[in-house]
Amino acid sequence: MDPNVLFTGVRFDQKKFGAEVQRFKRKAEDLVVGGSLQLSSSKSLAESKFDESDATEVRTPETKSGRRSKKRKGENDSGPASAFNLFRPPGSLNSTEASVSGQEIEVQEDKSGKVAEAVNVLRKRCRLHVSGQNVPPPLMSFDDLRSKNIHASGYTEPTPIQRQAIPTLLAERECLACAQTGSGKTLAFILPILMSLKVPSDAGIRAVIVCPIRELATQTARECRKIAKGRKWRIRALTRSMCLDPKLKDLPIDVLVSTPLRLARLLKKKRVSLSGVQYLILDEADKLFEMGFVKQIDSIVAGCSNPKAIRALFSATLPDSVEELARTIMVDPVRIIVGEKNSAASTVDQRLVYVGSEDGKFLALKQLFKESLKPPILLFVDSKERARELHKDLAIDGVSVDSIHAGRSQFQRDAAVEKFREGKTWVLIATDLMARGMDFKGVNCVINYDFPSSIATYIHRIGRTGRAGRSGQAITFHTDKDKVLLRSIAHVIRSSGGEVPEWMLKLPKNMKVFHRRKSTPRRKQREEQM
Ligand SMILES: Nc1ncnc2c1ncn2[C@@H]1O[C@H](COP(=O)(O)OP(=O)(O)OP(=O)(O)O)[C@@H](O)[C@H]1O
């Protein structure tokens, strides 16, 4: 294996990813209608800029007294927000207006109806499906935001989700957003948060981003710092050492990124206050609404007691049940779906490989290594036991391999992620811990060594490749035991443009697609196979 290929694109810079940047750019250019689409909101957005040099010119959505100039109808300023079941009633937003940075967005059906038509054309081309009352128009260009850091980060044009979510959050509207993996959802919430908060302040935590795993929280905080570069924002990922700090409450923090458990524990012990939070983002929202997290999320949502706090949910998969639950905690949310809901990234070439039985997996893997696989490769297994077993086997074969799972210490986990990012590890064996949100740009291939336990898991796992417009490959091993979910996954592949045999699509319908597999498959000792 040529180790040089490992270093291809592991780190994102504009030079290395010139082609991708161009691809994003090209797509965006295609969206301009006759090169002259002008939305009436552009000016308002420009005036929300947040780069330091521009700070004095920023128009604020607040009056001198520090209160927002707009108040939602029916909003109770004094009453605290309560947990899931007790939320504010929907429909309390004035349906005829929404403000961005204190200005009205006027997507008027003007005399010629041209603006409204242009908005529709842009949304159609971006495959943006939006619903809600008086939804703000999409963002035409990052230039409208006049942020130097965006361009410095190598981002030239907004992705579809960014086009709609940024103006929505800037307009202080709550939102439910679903867009494919690797489509830039992180920036879609980070940017409006920083723009809305405008300047660092000692007023306490003003934005909270909740992610299901620590590695993702660290990554999100890093991305946030990148966008805030040159400013004195205090952006912190909640670490163990911070939790142990007796002075935690006095730490200056503007944006806090955390996993649910850590934050919920601190809240319970009253060691942190979220009463001044203006933005609460639930990233990978469907995961956070699963049984294991829901209590913690409930307490975090309740802890963000500012009645004006804006809540937003983001994920690449948003089952209807989660949407329903989410709506109980949101006020008149804007629903933003890019493309087909719960679909796999079309940039990923997906393949299903029949390996017969459990024992066939290792042989098939070796064969793939011999034939065609280019590292870095992310390989998913079902459990930490499986990860340990395969790690040992591949290490014997001289492959540069590492593993990451819940059985490893945080130090080992961080080191594994870092080495993989740097291209020092060829194959990273992972459990579903790594399936969501992690942005390893250079991953060439994802292998589902063990069949995913749900469609959502499949979509997120394979979404670790083919990110930011790059192409990637996903190979899924299946055995006779995996028939239960095979049909559903074949449909996911077909609907994202992949090829699957007809017979797979005709397998009997499985009703338990979102259920976990009960037992971990075992294969014979490797020695027995050789
Ligand atoms: N406008 C843009 N132009 C070019 N690249 C971008 C843009 N916005 C984001 N990116 C890059 O796209 C990659 C994927 O972004 P991000 O991690 O936010 O995806 P995501 O939609 O949250 O994916 P997932 O669903 O897997 O969490 C990142 O490397 C990011 O730097």
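Please read all numbers here as calculations on a predicted model, not as lab measurements. First listed ligand is number 1; within each ligand, the first listed atom is number 1.
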(request) Assess A179 for proximity to ligand 1: is some non-hydrogen atom of it under 4.0 Å away? (result) no

(request) Say whether Q410 and R240, considering side chains only, have a donor N or O and an acceptor N or O under 3.5 Å apart. (result) no

(request) Specify the closest pair of heavy atoms between T181 and G463, including all atoms of both residues, with the distance to one decimal. (result) OG1-CA, 3.2 Å

(request) Give yes if a backbone or side-chain nitrogen or oxygen of G182 is under 3.5 Å from a nitrogen or oxygen of ligand 1, and no if not. (result) yes

(request) Would you indicate which of R436, H460, Q162, E284 comes nearest to atom 27 (O) of ligand 1 when only heavy atoms are counted? (result) E284

(request) Report, in ascending order of atom number, the atoms of ligand 1 lying under 4.0 Å from any heavy atom of S183. (result) 19 (O), 20 (P), 21 (O)

(request) Under 4.0 Å, heavy atoms only, figure out whether ligand 1 is touched by the backbone of T181, its side chain, both or neither. (result) both

(message) Below 4.0 Å from ligand 1: does a non-hydrogen atom of G463 turn up there or not?
(response) no

(message) Please enumerate all residues that pass side-chain contact (heavy atoms from CB on, under 4.5 Å) together with S321, with sequence neighbours excluded.
(response) P319

(message) Can a side-chain donor-acceptor contact be found between Q350 and S496 if the only test is distance below 3.5 angstrom?
(response) yes

(request) Kindly state each residue pair satisfying salt bridge (Lys or Arg N to Asp or Glu O under 4.0 Å) with at least one member in residues 400-410, sequence neighbours excluded. (result) D402-R408, D402-K419

(request) Number the atoms of ligand 1 from 1 as they appear, then name those within less than 4.0 Å of a heavy atom of E157, with their elements. (result) 1 (N), 2 (C), 3 (N)

(request) Any atoms of ligand 1 less than 4.0 Å from a non-hydrogen atom of F142? List them with their elements. (result) 1 (N)

(message) What I want to know is whether G184 and ligand 1 share at least one N or O pair that is separated by under 3.5 angstrom.
(response) yes

(request) Assess whether atom CD of E499 is packed by more than 12 heavy atoms of other residues, nucleotides or ligands within 6.0 Å. (result) no

(request) Give the numbers and elements of all ligand 1 atoms closer than 4.0 Å to a heavy atom of A468. (result) 11 (C), 12 (O), 13 (C)

(request) Might you point out which heavy atoms bring I227 and S153 nearest each other, and give the distance in Å? (result) CD1-OG, 3.6 Å

(request) Could you list which atoms of ligand 1 come closer than 4.0 Å to a heavy atom of R464? (result) 26 (O)

(request) Consider ligand 1: state whether an atom of it lies below 4.0 angstrom from any non-hydrogen atom of Q219. (result) no

(request) Just say parallel, tilted or perpendicular for the rings of Y449 and F477, cut-offs at 30° and 60°. (result) tilted

(request) May I ask whether Q180 has any heavy atom positioned less than 4.0 angstrom from an atom of ligand 1? (result) yes

(request) Verify side-chain contact (heavy atoms from CB on, under 4.5 Å) between T186 and D439, making sure each step is shown before the conclusion. (result) CA-CA 10 Å; T186 316; D439 185 44; over 6 Å; no

(request) Using a 4.0 Å heavy-atom cut-off, say whether F314 meets ligand 1 through its side chain, its backbone, both or neither. (result) neither

(message) My understanding is that we take every heavy atom of each candidate and find the minimum distance to atom 16 (P) of ligand 1. Doing that for T186, L191, T220, which one comes out nearest?
(response) T186

(message) Which label fits F420 and F440: parallel for a plane angle under 30°, tilted from 30 to 60°, or perpendicular past 60°?
(response) perpendicular

(message) Please classify the R467 to ligand 1 contact at 4.0 Å (heavy-atom distances, strictly less than): side chain, backbone, both or neither.
(response) side chain

